[in-house]
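This report concerns only the one structure given below.
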Amino acid sequence: MCHLRQGSCHSRQKARGRREHQLQYEEGRIVVAVLAVPRVYALDVSIPAHMFGQHPGYRVFVCGDHQPGPVGDPGDRSSHVDVAAGIRPTHSLADMEYADIVVVPGYEDPHLPVPEDCLKALKLAVERGARVVAVCTGVFALAASGVLNGKAATTHWRHTGQLREMYPGVDVVENRLFVEDGAVLTSAGAGAGIDAYLHIVQTDFGATVADGVAKEVVFPSVRGADEPQYTDVLTPSRESLRATREWVVENIGSPVTVQRMADHSLLSRRTFIRRFVRETGMPPMQWVALQRILSARRLLESSDWPVERIAAATGFGTASNFRTIFRREVGATPTAYRKLHGG
């Protein structure tokens, strides 16, 4: 009997080892686990599965031990058409142990409790260093697990007040596409989730790869986290500053000032700044600086240009100025970034 038990234990250990190798180390890919909590929205599961699945550097699976509630019961509010009745986990909650990134989709009725084993799995994922992304009401599950205490987070504008009331220990940020606080990233609705996923792809594989994923899903390139979810005042399309922003990108290597942008938009300086902040969520020159960094990242990834040429082409002037600003904003020198993301 003792030998049989030892053999059984050894077999389980071997099976676990094979499982771990398959999930975590297969071809060196980054493992993304999408957590299928009860009442989950199908769209919030399918979007990350599709987007991360566009790149061979990721492996995606859906995990969870609880099936979503029945859909179609007229006496149950969970019968909303967007609830993922057809979503079924492909892996168990235990398999989240091997995930590098955990995605928490939105779900209906965020005031209702999430199963304790889901919350425990989320907390363990954060404790062992996994990155966690919560979309829309998925932020409530993160908050319930305790991992958002003392952290900044956002959610869909309809739910920010409820999030603040239910979890006073969370620093709720209003009207932002997404908020990144350490290894935890929270976003607004499904559209803002796309921005968050593109941000992750850009961090992992560079701006050029993120551009390709955005093009594949017919979405603009990565938008900044500080951009608003909505504006209180609708701006007529003829007054949009999109043409001016495109002009800046096309002339990113030239001196760009607020006055030049205002002149291009045929607006006074004051009116231009007010409308620009309304549309982008940030001051004009901060936006220009982000575009310079993004252009430099693309050139470092896709060209063999020397740093001096990239500095001039992206408006940083000298190579020394470029190195200083790039390292401050990206967290790596241009040379180190090129080694990591260059083709």
Side-chain angles (χ1 to χ4, degrees), residues 30-41 43-45 47-48 52 62-66 93 96-200 203-204 223-230 281:
I30 297 172
V31 176
V32 180
V34 182
L35 177 59
V37 297
R39 308 182 303 280
V40 70
Y41 291 115
L43 188 64
D44 287 3
V45 175
I47 287 177
F52 287 116
V62 179
C63 63
D65 290 336
H66 293 264
L93 282 177
M96 279 177 57
E97 177 184 349
Y98 309 114
D100 303 292
I101 300 172
V102 175
V103 176
V104 189
Y107 55 92
E108 189 155 280
D109 297 327
H111 63 281
L112 297 179
V114 172
E116 189 62 35
D117 50 357
C118 290
L119 301 181
K120 182 179 179 181
L122 283 174
K123 188 173 183 180
L124 289 174
V126 173
E127 289 177 349
R128 64 176 175 76
R131 288 175 285 171
V132 180
V133 188
V135 177
C136 193
T137 53
V139 177
F140 284 77
L142 269 188
S145 72
V147 302
L148 287 183
N149 289 337
K151 289 185 176 292
T154 194
T155 187
H156 191 284
W157 61 268
R158 289 184 182 275
H159 301 289
T160 52
Q162 183 182 6
L163 180 65
R164 185 179 288 109
E165 181 180 348
M166 291 180 63
Y167 302 102
V170 179
D171 179 13
V172 180
V173 181
E174 299 273 358
N175 198 21
R176 285 294 176 263
L177 288 180
F178 61 89
V179 171
E180 189 171 25
D181 191 333
V184 178
L185 194 155
T186 55
S187 76
I194 295 177
D195 290 293
Y197 305 140
L198 289 174
H199 172 74
I200 291 172
T203 300
D204 290 340
R223 294 184 291 177
D226 290 337
E227 291 198 31
Q229 298 178 28
Y230 62 89

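The side-chain contact (heavy atoms from CB on, under 4.5 Å) test with Y197 is passed by exactly one of I101, L185, V103: V103. Screening I30, V34, V32 against F52 for a side-chain contact (heavy atoms from CB on, under 4.5 Å) leaves a single residue, V32.
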For residues 132-144, tabulate all N or O donor-acceptor pairs below 3.5 Å that involve a side-chain atom, not counting sequence neighbours.
residue : atom : partner : partner atom : Å
T137    : OG1  : Y107    : N            : 2.7
T137    : OG1  : Y107    : O            : 2.7

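Atom OG1 of T155 sits about 10.5 Å away from atom CD of E174, to the nearest 0.5 Å. Atoms NE2 and CE, from H111 and M166 in turn, are 8.0 Å apart once rounded to the nearest 0.5 Å. With rounding to the nearest 0.5 Å, the separation of CG in L124 from CG in L119 is 11.0 Å. Atom-to-atom distance recorded for L163:CG and H156:NE2 is 13.5 Å, nearest 0.5 angstrom. One finds the CD atom of E116 at 9.0 Å from the NZ atom of K123 (value rounded to the nearest 0.5 Å).
Using a 4.5 Å cut-off on side-chain heavy atoms (C-beta onward), E108 and Y41 make contact. For the pair V147/L122, no side-chain contact is recorded, criterion being any heavy-atom separation below 4.5 Å from C-beta on.
Counting non-hydrogen atoms of other residues, nucleotides and ligands closer than 6.0 Å to CD of E127 gives a total above 12.
Residue pairs meeting the salt bridge (charged side-chain N to carboxylate O under 4.0 Å, His left out) criterion with at least one member in residues 130-151, sequence neighbours excluded, are R131-D204, K151-D181.
Summarising the geometry of V40 relative to P105, their closest heavy-atom pair is CG2-CB, 3.6 Å, with the distance given to 0.1 Å. The two residues A188 and T154 make their nearest non-hydrogen contact at N-CG2, 4.3 Å. Here the closest heavy-atom approach between residue A121 and residue L93 is recorded as CB-CD2, 4.4 Å. Here the closest non-hydrogen pair linking P113 and R39 is O-NH2, 3.8 Å. Summarising the geometry of M96 relative to C63, their closest heavy-atom pair is CG-SG, 3.0 Å, with the distance given to 0.1 Å. For the pair A192 and L177, the tightest heavy-atom approach, listed with the atom from each and the gap, is CB-O, 3.3 Å.
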